Every structure is written in C-alpha cells, then in structure tokens.
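Keep in mind that what you see is a predicted model, and the values were worked out from it rather than measured. Sequence lines set the chain letters: A, B, ... in the order given, protein chains first and strands last, and positions in each chain run from 1. The figures that follow rest on heavy atoms only: side chains count, while hydrogens, waters and symmetry mates do not.
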There are 2 protein chains.
Amino acid sequence: MKEYERLFTEYLEAKGQRLTQPRRLILEAVFSLHDHFDVEQLYDRLRIHNEEVSRATIYRTLPLLVESGLIQHSLRQADRDFYEHILGHPQHLHWICRKCGTVVETSLEMVLPHINKVASQQRFQIEDYQLNLRGLCWKCADNENENQ
Amino acid sequence: MKEYERLFTEYLEAKGQRLTQPRRLILEAVFSLHDHFDVEQLYDRLRIHNEEVSRATIYRTLPLLVESGLIQHSLRQADRDFYEHILGHPQHLHWICRKCGTVVETSLEMVLPHINKVASQQRFQIEDYQLNLRGLCWKCADNENENQ
DNA sequence: TCCTTTATTGAGAATCAATCTCACTTTATT
DNA sequence: AATAAAGTGAGATTGATTCTCAATAAAGGA
C-alpha cells in the first residue's frame, strides 16, 4: 500500500470515516498530478481515466486531504483555489505572473528556519504555506515596456 | 496635499484618468483604516461617514490602487479578498488562524533580502507580497486538544 | 459660461466557484 | 441478509465579484 494511502486511511479512521472508492480515486489522481491543480483539472483527469467522481465529492474530499496533511491549498489564481500534494515535497515560494499566469517555484530552504522560529515563538501550528509573490515575470515585463 | 493623493493622481493622469470625488473618498477611507480590510468594511466605513459610494465603484477602484502601488491584495479569508495600504508600511508575514480567523503580523526583515535576491535573479517584478501561514493559533490548538 | 467629448458612476443583472440539500447508495458490522 | 451509519450525485443555492448600460461628472475649448 502506498504511503499516502496508508496515511489517509489512518486519518479517516481516526475520525470514524472511510476510505471509499471515490475518495481513493481522488487520492490517486491527486498524487498522479505533479503540479498545482484545481477542482476542474482534477475532475477532468478523473473523467479521462473513466473514473468519474462528482464535483461535490471532490469539493468534499479536498478539505479532508488538506487536514490529513497530504495536500495543501497553496494558491489562488484566476478566482480559483489551487492545491498541490506536499508529501515528500519541500515547501517552496510561488512566483505568479499576473499577466501570463505562469507559476514558478523556488526553494524555501533559506527562509524556512526563520519561519519555523517565529512559529514556535508564538506557538502557531502551521498547516498551509501560502508564500506567493505576485507581479510580472521578465517576459511580460519586457512586453509591457515595448507596448508603451 | 497628502502624499498618497499626489501619487494616486499622478498614476491616474499618466493613464488619462481622473481623481474623481468617489475615488478620493475611497482613497481617504483606505488610508484611514489601519488594518486589513475587505470591500464590505470599506463600504460600511464610507456609509457611516455619509460618503456613500457604490460597491461597483469600490470594486473598480481597488485594482487601480493596487496598480498604483498604494495598496496590495494581501490575503483571502472566508471567501473574501482583503487589502491593506502599503505606503510606508514594511512588508510582513501574516499568520492566519483557520479557526478563530485572527491575523497576526510579523516582520519580514529577516526574509526580504533573500526574496529580493531571488526576484532579481529571475528578473521578476514583485507587485504583491502574499506571505501567509495558515494553521492554528495557540489558543485554538489548546481548545482542540481539550475537546479530544 | 456654455458646449462637446470622454471618463465615470450607480443600480441591478449576470457570472461562476464553492457549498448545501436530500433522496439514494455503499460500507461495515451483527 | 439486515441494520445503521457514512458517503455520494445531481441539481439548487449562495454570495463575492464582474458586467451592462443609461445617466452623470469632469476637462478643455470657444
């Protein structure tokens, strides 16, 4: 059994809940996507593989995955919530271009110790890291200057 | 004339736009609030002072203030966008409790040099800093443990 | 001051992601 | 198999945000 399956099962059982077929399909899809995803992308992914699950169930399952620590809600773009799985993935900064929508990730290594220190000072239990810098990537910045 | 008024006027004029009465009222209200605010809070604030401006105008003006660099869209909470004015306010981290909704700010001083270095390396023009840590504050964490 | 042009506003309609409802279906247990 | 509890799907609902469009305000010239 894959680790994320074991962890999710444990999380659910601790709450008296079950790892059902739809939840298993969602879990697998989430870990098959190696990038940020939103509900629509997840829904499409499942449909393509003939594993249709209703949107309602996806919307209900994502918070469970967040609470279990397997994924996090890491950014919001174009009026949608985006998630990513975090099991074994180091935290990172997101650089989001407001024009072309590209999301670049960079390491958080240099910054994490400071954040963790502040967290423990105020006894804050971090669940999601939403460390996003929004602005213009160099390509779009160059284009803006050209068109002036 | 206050500096933010001068800056906003300059920004608007450069785009062939005008500092109208509703925009001036919104600008003043934004700088009278010394905390994060959303559209509803701004709207209420204006009404209380008998300076009613339509929600539509508020929604249209906020992006102008963001683009002019006077405010930033710094967090999203309870399905609402929150802004804060940044003129003269150093950037900071937000610690958001998912349970009680409290938002604590801490200094970014230790982290900003790293972020700026990465930004210049990839020639990314930062417009908004959305550096948010979500989780449980110590009070809510204690409560959760009690109720188990 | 009046006129013309262009930007702006307000009110309400429209949009759309996310949530909720509820009858039906699974799952686990006896 | 029977029962009880958890879970699901379809569609309705919600609510923040955006859009539309007729009416209004601002700026500059005559």
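Here the P atom of nucleotide D:dA16 and the OH atom of B:Y83 are 14 Å apart, to the nearest Å. Rounded to whole angstrom, the span from the CZ atom of B:R23 across to the P atom of D:dA25 amounts to 15 Å. Atom CD in A:Q77 sits about 15 Å away from atom C1' in C:dA17, given to the nearest Å. Computed from coordinates, the A:E13 CD to D:dA5 P distance equals 19 Å when rounded to whole Å. Going from atom NZ of A:K15 over to atom P of D:dA6 covers 12 Å, rounded to whole Å. Summarising the geometry, the separation between OH on A:Y43 and P on C:dC16 is reported as 17 Å, rounded to the nearest angstrom. D:dA27 atom P lies 11 Å from atom CG of B:L12, rounded to whole Å. B:D38 has its CG atom 15 Å from the P atom of D:dG15, to the nearest Å.
A close approach under 4.0 Å does not occur between any side-chain nitrogen or oxygen of B:R80 and OP1 or OP2 of D:dT17. In this model, the phosphate group of C:dT9 is not approached by any side-chain N or O of B:S54 to a distance below 4.0 Å at OP1 or OP2.
Inspection of the A:E84 and A:H92 side chains reveals an N or O donor paired with an N or O acceptor under 3.5 Å. Judged by distance alone, the side chains of A:H114 and B:E109 never bring a donor and an acceptor atom under 3.5 Å apart.
With respect to A:Q72, the side-chain contact (heavy atoms from CB on, under 4.5 Å) criterion is satisfied by exactly one of A:H89, A:Q91, A:H85: A:Q91.
Nucleotide D:dA4 has C:dT27 as its partner under the Watson-Crick or G-U criteria, with both atom distances under 3.5 Å.
Contacts of B:D81 with the nucleic acid, taken as non-hydrogen atoms under 4.0 Å apart, involve only primed sugar atoms and P, OP1 or OP2.
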If you apply the rule side-chain contact (heavy atoms from CB on, under 4.5 Å), what do you find for B:Y129 with B:L112, and how did you get there? CA-CA 10 Å; B:Y129 291 75; B:L112 219 41; 3.7 Å; yes
Derivation and outcome, salt bridge (Lys or Arg N to Asp or Glu O under 4.0 Å), residues A:E28 and A:R24: CA-CA 6 Å; A:E28 290 301 332; A:R24 192 190 306 274; over 6 Å; no
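In this structure a side-chain-to-backbone donor-acceptor pair under 3.5 Å is present from B:Q130 to B:H73.
Ring orientation note: the planes of A:H94 and A:H36 are nearly perpendicular, at an angle over 60° on the 30°/60° scale.
Candidate nucleotides D:dT17, C:dA18, D:dG7 were compared by shortest atom distance to the side chain of A:Q17, and D:dG7 ranks first.
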Where protein sits on nucleotides 19-30 of chain C, one letter per nucleotide: B base, S sugar-phosphate only, - none, heavy atoms under 4.0 Å: BBB-----BS--
